[in-house]
Amino acid sequence: MSILELDNVHAYYGKIHALKGVSLRVEQGEIVTLIGGNGAGKTTTLRTICALMRPTVGSVIFEGEDLSRYKPSALASRGIAMVPEGRGVFAKMTVLENLEMGAFHRKDKEIDADIERIYDLFPRLRERRTQLAGTMSGGEQQMLAMGRAMMSRPHLLLLDEPSMGLAPVLVEAIFSTIVDINKQGTTVLLVEQNALMSLEIANRGYVLQTGEIVLSDDARALKQNEMIQKVYLGIE
Amino acid sequence: MQTQQWRKAIRIGLLTGVVVLLTCMVGMVETFNARDLIVGVLTLGQVLLFAPALYAGYLATGNDATRKPVSALLRGIVTGLCVALPVIGLIVVATVWPDIRKYFVNISPALLKILTFDQGAVTGSLMLAAVMAGMAALGALLHVIPLRFRRPLIISLAVTFGFSLFSDIPLNIANQFLERTVVRNYFGTKGITPIAAIIVFTLSLVVALYWEFSGREARVHRQATITPAQRSRNRTIVTVISAVVLLLLPWIIGQYISNVVDQVLTFALMALGLNIVVGFAGLLDLGYVAFFAIGAYVTALMTSSGNLGMGQSFWVAVPVAVAASTLAGIILGVPVLRLRGDYLAIVTLGFGEIIRVLVVSDLLKPYIGGAQGITQVERPSIFGYDIISPQAFYYLLLAGVLLALYISSRLRDGRAGRRWMALREDEDVAEAMGIHLVNSKLMAFAIGAALAGLAGAIFASRIASVFPNSFNLLISINVLAIIIVGGLGSLPGVILGAFVLVGLPELLREFEEYRLLMYGVLLIVMMLVRPEGLWPSAVRRRELHAEGEIAEHEGIQPEPVQPLM
């Protein structure tokens with residue numbers, strides 16, 4: 001059974017038809033990437049999965065349950081964690097406080113141990129644990145946003161453009177961490193404009209254009225695809 | 001360099017002159033002149049007129065005054081003359097063209113008398129220029145005095161000024177314990193006598209000098225090396241002393257000042273409630289007075305012995321009043337809290353006005369009295385003792401404020417506080433963390449409304465009546481200003497803000513008409529100089545001074561700037 005399944009999802013912003021029948025599947029343990037240009041509907045797809053938007057037609061099934069019954073705030077405890085575009089760290093809280101917020105809905109006693117695990121994943125965050133999140137660099141904030149999302153022990157991690165605005169070196173570091181997170185057992189849905197990098201680490205990929213899935217295949221096959229090479233990879 | 005310094009002196013002088021001119025033209029100088037500071041020697045009007053010149057002189061000259069006292073003195077004199085210039089312009093215009101009063105009603109003969117020392121326009125203007133120049137020169141020469149003397153001097157001048165301006169407080173305390181004939185030696189009807197001024201000045205100077213010379217560094221060192229055991233002992237001592245002072249306070253300060261403190265505490269209670277809504281949860285509520293009004297009206301309706309009331313006891317009414325305002329908070333909250341930021345502010349503003357309009361409306365007049373309000377509200381009594389005097393109400397209000405402080409601090413440090421902090425920063429992300437937005441906001445709104453309702457209930461029985469005009473928009477703005485000036489989210493800040501914005505204007509009641517002007521000036525100055533508030537919360541201080549502290553924290557020294565050559 002797929003961990004996440006979108007079936008013929010349509011969504012509107014007012015009169016604008018943003019998603020025109022998007023169907024996609026994410027299997028347990030995969031990294032799936034959703035690539036596409038500006039305005040293709042990538043973020044809208046994520047917002048729909050997170051119940052921040054309701055599909056007018058179609059359904060979002062997570063671990064066999066229809067998500068349309070859930071409030072956005074209930075999804076964290078249901079096992080979905082989202083790292084929003086532009087990172088969205090709590091700028092005026094310290095690094096540690098941000099991580100604690102990630103575990104806000106949890107009541108168990110292993111939170112401190114999990115914070116240590118996040119510090120092991122991102123040693124940089126341990127150094128900066130008492131610093132205000134807003135005063136850190138973009139890369140550090142991205143690490144923090146990911147660490148915070150992991151604090152909710154998600155089954156499915158949604159990443160919205162983690163490479164945005166980061167130096168190439170940092171992008172590589174972030175992507176290799178995504179692979180680490182995935183190896184530790186978290187399924188990842190990665191939304192990216194940076195098709196080259198995301199196809200590098202993903203198992204499978206979907207290509208979204210003006211609200212429609214135009215291609216879906218193995219990541220390796222997509223990298224070889226002529227249209228992808230031309231439009232997204234810039235290879236003539 | 002030279003010309004620059006002179007230019008600076010002239011610029012500061014003229015700017016100050018324009019400010020002084022403005023205070024003259026809005027009538028402040030004349031009104032304030034009726035208030036003695038030191039009987040027969042100095043009035044508040046004179047301070048308003050000449051103190052700016054002193055400060056301008058101080059500002060216009062820098063620390064080089066020690067090396068070049070003569071140049072500093074000259075610059076001070078020029079600054080003073082520049083301060084006098086616009087004011088002399090006013091004297092000239094008013095003398096040549098007396099009709100100006102038709103347009104600027106405050107340019108009265110009395111004002112001109114003050115400005116010219118009653119010596120006629122020509123001699124008077126010269127005298128004014130001389131005094132201004134003298135004051136500014138004094139200000140300039142302050143730099144010559146070494147810092148360790150200058151600081152105590154300025155402190156004791158400020159203490160003497162404060163003591164004479166708020167002489168009502170020591171006067172009322174003295175009246176409690178001393179013979180009236182003895183008191184007369186030290187206090188006029190307003191202000192203090194020269195003897196008292198000399199005593200206060202000398203005492204504060206001695207204390208300040210002792211403080212300065214008894215080893216400032218040693219004291220700082222001792223503060224830093226204090227052990228936790230000592231600290232907790234010190235804290236206990238402070239708590240016990242402040243508890244005793246708080247309990248005895250109304251009997252020390254007398255009835256009149258108790259009344260002022262009661263007013264301050266009423267506003268502090270409301271401000272603590274609004275602080276939860278605005279300071280903790282970040283929801284800008286401009287109609288907060290509505291909940292205060294609901295609390296007051298419910299109490300009045302339930303306890304009044306008049307024909308509108310039900311004649312219940314105060315203690316029955318309070319829970320109902322608090323419940324009613326809480327309910328109103330939730331009812332308003334449910335539709336409104338989906339709005340964000342400015343939109344929320346506008347809708348709550350409207351809600352406050354709706355409640356006010358309803359209260360004065362003819363429609364509800366048979367039930368809640370319309371513009372005539374409700375009178376004969378019952379006073380509370382406890383164990384057979386009636387709470388009537390301001391001193392007795394002080395204890396009731398103190399209990400309310402302490403309760404609000406307790407609730408606020410528990411909420412702030414608990415999960416609710418974190419929830420509010422997260423949604424204050426980013427609602428979407430907070431939601432992704434599993435925070436239920438509407439519930440969290442409703443909770444803040446309901447608790448804030450409950451505290452306002454409690455304040456309203458006590459207010460109604462303290463005044464023994466309620467009238468619609470006690471619940472206008474200005475109250476909402478006033479309460480908001482209290483928490484902003486005190487420091488958003490800071491509990492001691494809210495109390496301090498209430499004393500500054502409610503207590504001081506009560507003590508300076510004669511200047512009521514300038515209250516809003518002073519408010520505006522105060523708010524602008526605060527935003528420029530201390531945007532985090534008078535007593536900011538740890539979090540806000542961290543936000544606004546983050547960089548400096550982080551540099552300090554990591555031991556990074558700012559790199560010295562390399563000269564280009």
**Message:** I'd like to know whether B:Met433 forms a side-chain contact (heavy atoms from CB on, under 4.5 Å) with A:His105, so could you lay out the CA-CA distance, the side-chain angles of the two residues, the decisive distance to 0.1 Å, and finally the verdict.
**Reply:** CA-CA 7 Å; B:Met433 300 294 109; A:His105 65 275; over 6 Å; no
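Only the side chain of A:Pro84 comes within less than 4.5 Å of a heavy atom in chain B; its backbone stays farther off. Neither the backbone nor the side chain of A:Ala74 comes within contact range of chain B, judged by heavy atoms closer than 4.5 Å.
Rounding to the nearest 0.5 angstrom, the gap separating the NZ atom in A:Lys92 from the CZ atom in B:Arg424 is 7.5 Å. Here the straight-line distance linking atom CG of B:Asp428 with atom CZ of A:Arg47 works out to 6.0 Å at 0.5 Å rounding. To the nearest 0.5 Å, the span separating CG on B:Leu423 from OG on A:Ser73 amounts to 11.5 Å.
Contact annotation: the side chain of A:Arg148 approaches that of B:Val429 to within less than 4.5 Å [non-hydrogen atoms, C-beta and beyond]. Within the 4.5 Å cutoff, the side chain of A:Phe90 has no heavy atoms near those of the B:Arg418 side chain.
Listed for the B:Arg415 side chain is a donor-acceptor partner under 3.5 Å among the backbone atoms of A:Phe104.
Using a cut-off of 4.0 Å between Lys/Arg side-chain N and Asp/Glu carboxylate O, A:Lys71 and B:Glu431 are scored as not salt-bridged.
Heavy-atom neighbours of B:Asp342 CG from other residues, nucleotides or ligands within 6.0 Å: at or below the threshold of 12. Remark: A:Arg54 CZ is packed, more than 12 non-hydrogen atoms of other residues, nucleotides or ligands lying under 6.0 Å away.
Between A:Ala76 and B:Ala432, the shortest heavy-atom distance links the atoms CB-O, 3.5 Å.
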